[in-house]
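Input: a single structure, listed below in structure tokens.
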Amino acid sequence: MPPSEHHAASRRIEVTTKAHEREVFRFVRVVAVDDEALAQDFLSDAARRKPARGRSAAIPGHIDGMSAFRTLALARERWQDIAKLARRRRPTEPIKVGEHIARVALGTGEGFAYEDLGHPDGHITIWGRPADLADAVVEIVPAGM
Amino acid sequence: MRFAIIDMEGSTLDTFDDPSSVAAFLVGMLQDGSTAADEVGVLEYKDGQRLGPPMLAADFLTRWRTEHMQAVIARALQNVRIDSATVLNATISGPSRSWIDITIPSERADALDAVARDSRSHRFSLAA
């Protein structure tokens with residue numbers, strides 16, 4: 001099925017007004033908000049040379065964003081899924097995405113954007129400069145419960 | 001039914017409503033060589049609720065091929081009017097996987113005659 005038929009048009013929302021502000025949740029490797037390495041966890045898929053798949057291959061500019069989640073609970077659910085898959089591969093394998101989740105407040109005036117297609121898994125795409133996204137982190141919590 | 005294909009970074013690579021599209025996506029991705037079968041997982045949803053644990057792509061494809069093969073065989077048997085309860089064994093084979101080898105009890109040779117009349121696209125063998 002060609003991507004143009006399979007994928008809905010972009011529903012990217014620029015955070016330009018208070019009404020568009022929202023919190024999102026992203027996996028991070030660092031454990032402290034003031035860790036200078038935090039910005040590295042907000043590199044776009046393109047910057048990390050991730051192959052374009054599915055929606056990223058079909059929608060121009062999508063690969064300049066990165067994955068996040070609608071709620072902390074759904075981010076934790078995905079982390080548990082990754083952990084289960086990793087253990088299935090190798091029981092001692094570390095979790096590639098780190099073991100923490102950053103709560104990120106996407107505020108007005110920072111050039112942030114997001115796309116939430118309403119999928120039940122809570123996966124969304126966010127855009128922003130790595131340093132700005134790192135500055136927008138409110139807290140970092142453990143991914144595992 | 002809805003399926004989400006995820007990677008080990010937590011991203012949802014794509015979503016599909018049917019398992020055949022998931023299989024086509026996974027096979028295409030594995031064939032281009034950039035991703036291994038254990039670097040991608042599949043989540044299954046029904047009415048917005050998760051069904052079962054995450055599956056590695058390799059596990060999903062094994063399950064899908066089995067189910068797909070069973071469905072193809074069931075349709076083929078229906079076409080040639082053989083009761084599936086009669087069949088001892090059935091597999092898809094042939095250079096383009098266009099044949100179905102089935103094994104039926106020798107006392108049901110009459111069924112084989114019916115097959116020979118009704119279909120030239122299947123291959124059959126009798127049990128000893």
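Chain naming here is simple, since letters A, B, ... match the order of the sequence lines and numbering starts at 1 in each.
Taking B:Gly41, B:Ala58, B:Pro54, B:Gly28 one by one and counting their heavy-atom pairs under 4.5 Å with chain A, the maximum is reached by B:Pro54.
In the hydrophobic clustering of ILVMFWY residues, with side-chain heavy atoms under 4.5 Å counting as a link, B:Tyr45 and B:Phe16 come out apart. Under the 4.5 Å side-chain contact rule for hydrophobic residues, B:Met55 and B:Leu61 share a cluster. Transitive grouping of hydrophobic side chains (ILVMFWY, heavy atoms separated by less than 4.5 Å) keeps A:Ile126 and A:Phe69 in distinct clusters. Grouping the Ile, Leu, Val, Met, Phe, Trp and Tyr side chains by contacts below 4.5 angstrom, directly or via other members, places B:Val27 with B:Phe60. A single hydrophobic cluster is seen to contain both A:Val30 and A:Met66, as judged by linkage of ILVMFWY side chains at heavy-atom distances under 4.5 Å, directly or through other members.
For A:Arg49, the CZ atom is loosely surrounded, since the number of other residues' heavy atoms within 6.0 Å does not exceed 12. No more than 12 heavy-atom neighbours from other residues, nucleotides or ligands sit within 6.0 angstrom of CG on B:Asp47.
Heavy-atom minimum distance, B:Gly10 versus A:Arg78: O-NH1, 2.7 Å. Across all non-hydrogen atoms, the minimal contact from A:Arg88 to B:Leu56 is CG-CD1, 3.5 Å. Closest non-hydrogen pair, A:His123 versus B:Ser11, comes out as NE2-CA, 3.6 Å. Across all non-hydrogen atoms, the minimal contact from B:Met8 to A:Val97 is O-CG1, 3.6 Å.
Both the backbone and the side chain of B:Met29 come within less than 4.5 Å of a heavy atom of chain A. For B:Gln49, no part lies near chain A; criterion is any non-hydrogen pair under 4.5 Å. Neither the backbone nor the side chain of A:Gln80 comes within contact range of chain B, judged by heavy atoms closer than 4.5 Å. If you measure heavy-atom distances from A:Arg48 to chain B, the contacts under 4.5 Å come from the side chain alone. Contacts of B:Leu43 with chain A are made by side-chain atoms alone, with heavy-atom separations under 4.5 Å and no backbone atom involved.
Each of A:Asp121, A:Ile124, A:Leu117 was scored for a side-chain contact (heavy atoms from CB on, under 4.5 Å) with B:Thr12, with one residue passing: A:Asp121.
A:Phe27 is not listed as a side-chain neighbour of B:Glu9, based on a closest heavy-atom distance of 4.5 Å or more.
The line from OG1 of B:Thr15 to CZ of A:Arg55 is 8.5 Å long, rounded to the nearest 0.5 Å.
One finds no salt bridge joining A:Arg53 and B:Asp7 here, because no Lys/Arg side-chain nitrogen approaches an Asp/Glu carboxylate oxygen to under 4.0 Å.
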